[in-house]
Amino acid sequence: MRTFSFKLRTLLHIRGIEKDKALRLYAQAIENKEKLKFLLSSKKKFLKNLESEVAERRLINFSGFQEETFQLSIEKTNDQILQIHGELENSKSIVNAKRKLYLKADSNLKSLENLKHKKHEEHVNSELKKEESELADIIGSRFIYNHKPSHSS
């Protein structure tokens, strides 16, 4: 039986590499999104702490200069929260896009793997039919040879 050779082996390898790269980029996008979520959560906690400190200081003695400094910190933190929130929304879009690219690369690889499997089965079936045909020819020729009348005198 001849060995099976898939002519698109190089393309299959390239698609495997593309799938791995797409998966890596998808994972990096998810990691970036999670970092932004964590950063946003940290900034929100920091803002809460600032606001509660302002409330506590107002109950005691709180100078205008100190309050102004706290208000500037609160404003800066609010701006950072808005900026991070925008980045987080953008990162969610990026994650979805990278997910789609990964799924497409995975689908491309699987379709080529299915084609390889189908071609392999076709090859095996074809080779088996050839062997069966050759075997039938050999058996038929032996049968004819063994049943030939002898012309001995």
Side-chain angles (χ1 to χ4, degrees), residues 1-140:
M1 179 185 285
R2 287 183 314 133
T3 59
F4 173 70
S5 174
F6 187 58
K7 293 177 178 143
L8 300 174
R9 189 178 80 229
T10 304
L11 181 60
L12 182 66
H13 179 70
I14 290 169
R15 286 196 177 164
I17 291 170
E18 288 172 351
K19 177 193 166 201
D20 292 343
K21 180 181 176 184
L23 180 60
R24 189 177 62 252
L25 292 174
Y26 178 42
Q28 287 172 349
I30 290 172
E31 181 183 19
N32 186 47
K33 182 185 85 166
E34 293 303 315
K35 284 180 181 177
L36 287 171
K37 276 181 165 179
F38 178 77
L39 185 59
L40 183 62
S41 174
S42 297
K43 288 295 179 181
K44 285 180 177 180
K45 286 179 186 175
F46 180 72
L47 179 63
K48 250 186 179 174
N49 289 339
L50 275 176
E51 289 172 341
S52 54
E53 182 144 351
V54 167
E56 285 177 22
R57 289 190 179 216
R58 281 186 180 153
L59 295 175
I60 313 172
N61 188 11
F62 198 34
S63 71
F65 175 74
Q66 287 176 326
E67 187 167 353
E68 182 181 353
T69 304
F70 273 94
Q71 289 303 323
L72 287 174
S73 290
I74 289 172
E75 285 178 28
K76 182 180 177 186
T77 305
N78 275 325
D79 289 344
Q80 290 173 343
I81 287 172
L82 287 174
Q83 178 187 352
I84 294 167
H85 186 68
E87 290 175 17
L88 180 59
E89 290 304 311
N90 187 39
S91 76
K92 287 177 183 178
S93 299
I94 291 171
V95 165
N96 286 333
K98 298 292 182 187
R99 183 179 151 274
K100 287 177 184 174
L101 289 173
Y102 166 71
L103 291 174
K104 182 178 180 187
D106 185 50
S107 175
N108 288 342
L109 177 63
K110 284 181 181 174
S111 66
L112 201 54
E113 286 174 338
N114 289 340
L115 177 64
K116 178 183 176 184
H117 182 69
K118 181 181 174 186
K119 292 292 183 186
H120 182 261
E121 285 181 357
E122 288 175 2
H123 170 77
V124 169
N125 288 337
S126 171
E127 290 297 311
L128 286 175
K129 285 181 183 176
K130 284 181 190 175
E131 286 180 5
E132 287 173 4
S133 175
E134 290 171 2
L135 206 55
D137 288 348
I138 291 171
I139 292 171

Under the side chain to side chain contact (heavy atoms under 4.5 Å, CB included) criterion, do Lys35 and Leu39 qualify, and how do the steps go? CA-CA 6 Å; Lys35 284 180 181 177; Leu39 185 59; over 6 Å; no

Derivation of the side chain to side chain contact (heavy atoms under 4.5 Å, CB included) call for Asn78 and Ile74: CA-CA 6 Å; Asn78 275 325; Ile74 289 172; 3.7 Å; yes

Side chain to side chain contact (heavy atoms under 4.5 Å, CB included) evaluation trace for Leu25 with Leu101: CA-CA 9 Å; Leu25 292 174; Leu101 289 173; over 6 Å; no

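Here Arg15 does not pair with Glu18 in a salt bridge; the nearest charged N to carboxylate O distance is not below 4.0 Å. Between Asp106 and Lys110 a salt bridge is recorded (basic side-chain N to carboxylate O distance below 4.0 Å). Note on Arg57 versus Glu53: salt bridge recorded, some NZ/NE/NH1/NH2 to OD/OE distance being below 4.0 Å.
Inter-residue side-chain proximity for Phe70 and Leu50 is flagged as met; some heavy-atom pair is nearer than 4.5 Å.
Between atom CD1 of residue Ile14 and atom NZ of residue Lys21 there is a gap of 12.5 Å, rounded to the nearest 0.5 Å. Remark: Glu127 CD to Arg2 CZ distance equals 4.5 Å, nearest 0.5 Å. Rounding to the nearest 0.5 Å gives a distance of 10.0 Å between CG of Leu23 and CG of Leu103.
The shortest heavy-atom contact between Phe6 and Leu112 is CZ-O, 4.0 Å. What you find for Leu109 and Gly16 is that their closest heavy atoms are CD1-N, 3.7 Å.
Within a 6.0 Å sphere centred on CZ of Phe38, other residues, nucleotides and ligands contribute 12 heavy atoms or fewer.
By the side-chain hydrogen bond (donor to acceptor under 3.5 Å, both in side chains) test, Glu31 pairs with no residue at all, sequence neighbours left out.
Each side-chain hydrogen bond (donor to acceptor under 3.5 Å, both in side chains) pair with one or both residues in residues 112-126, not counting sequence neighbours, appears once here: His117-Glu121. Residue pairs meeting the side-chain hydrogen bond (donor to acceptor under 3.5 Å, both in side chains) criterion with at least one partner in residues 41-52, sequence neighbours excluded, are Lys43-Gln80.
The closest side-chain donor-acceptor pair between Glu75 and Gln71, if any, does not fall under 3.5 angstrom.
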